[in-house]
Amino acid sequence: MKVVRTKKALAAALAPVLKNNQSIGLVPTMGALHAGHLSLVSKALSENDKVVVSIFINPTQFNNAADLAAYPAGLTADAALLKNLSDSILIFAPTAQEMYPEGLESKVFDFKGLDMYWEGADRPGHFNGVGTVVEKLFRAVPAQKAYFGEKDFQQLAIIRQLVLDLDWPIEIIGCPIVREANGLAMSSRNERLSETAREQAAVIYQTLLRCQKDLKYHEIAALKNTALEKLSSCPGLKVHYFEFVRAHDLKPIVSKATSDPIRLLIAVSLGGVRLIDNIAI
Ligand code: PAF
């Protein structure tokens with residue numbers, strides 16, 4: 001299992017792969033790997049000759065210093081999990097200095113309004129930080145495919161837009177959400193939940209499923225009222241947003257009389273931990 005820390009070492013490790021015209025799949029992560037990440041890596045391994053997993057806690061996408069400081073890190077444990085999948089994986093774990101030699105600045109992107117709502121509204125600058133680091137990773141890793149989880153549904157839409165804007169020759173593969181036994185979407189942030197909060201968090205997916213089932217019987221406003229009542233009865237849970245949106249542009253919808261695919265997005269805080277989830281309707 002090879003771990004490289006610099007772009008130079010990364011290029012050297014990938015030189016034989018490129019020389020042999022082998023395909024490269026990239027799985028960008030911020031570490032603290034869980035079964036959700038491992039499902040992306042497994043898919044990448046099944047579709048590419050070489051898989052690069054980047055592990056970098058990107059400071060520019062955190063608009064809150066406490067959130068950045070609390071983000072779990074553990075390269076040794078991450079490397080062990082990856083080694084279990086395949087010894088052939090190449091880990092790119094750069095320092096902030098390596099990724100941002102000119103200082104921790106984000107580029108400003110035009111995401112065509114995709115960043116206007118939801119995480120973009122609640123976390124100013126977040127998606128410019130994501131776009132900046134993902135572009136840097138695409139430049140560093142000459143991959144044909146990159147793998148992202150659908151849990152971060154807005155991030156996935158933004159990365160697809162970024163690739164269009166940059167006209168970057170890479171295929172973006174969105175992968176299904178992996179859930180804990182009680183339905184809670186896998187996230188590195190789940191490690192920060194108390195045992196009680198982790199149990200309570202089951203209400204998030206239960207509410208999404210209920211709305212998915214009931215949309216044929218009720219209008220959106222009625223579903224939202226019932227759902228918000230259920231969520232607010234959970235002690236310590238604060239809803240940031242709970243919205244039915246058009247899947248392609250993430251604009252909120254108020255009537256189910258639409259032929260556009262609908263996605264239901266949610267963000268809550270539970271015991272001070274921000275959790276997001278979504279479901280196709
Ligand atoms: O989803 C993540 O873990 C991060 O936002 C990403 C895509 C690795 C960029 O830092």
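Values reported hereafter were calculated over all heavy atoms of this structure, with side chains retained and with hydrogens, waters and symmetry mates removed. Note that ligands are numbered from 1 as they come in the structure, with each ligand's atoms numbered from 1 the same way.
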side-chain hydrogen bond (donor to acceptor under 3.5 Å, both in side chains) partners of D165, counting only residues at least two apart: Q161

Selection residues 2-17 - residue pairs positive for side-chain hydrogen bond (donor to acceptor under 3.5 Å, both in side chains), sequence neighbours left out: none

Ring geometry between W168 and F138 (parallel below 30°, tilted from 30 to 60°, perpendicular above 60°): parallel

Close-range residues for ligand 1, whose non-hydrogen atoms fall below the 4.0 Å threshold: P28, T29, M30, N58, Q61, V133, F148, Q155

Identify all side-chain donor-acceptor contacts of residues 122-132 below 3.5 Å with residues at least two apart in sequence or on another chain.
from : atom 1 : to   : atom 2 : distance (Å)
D122 : OD2    : R274 : NH2    : 3.0
H126 : ND1    : Q61  : O      : 2.8
N128 : OD1    : F109 : N      : 2.9
T132 : OG1    : K107 : N      : 2.9
T132 : OG1    : N128 : O      : 2.6

Partner of S86 by side chain to side chain contact (heavy atoms under 4.5 Å, CB included), out of V51, L45, V41: L45

Side chains of Y147 and N48, donor plus acceptor under 3.5 Å: yes

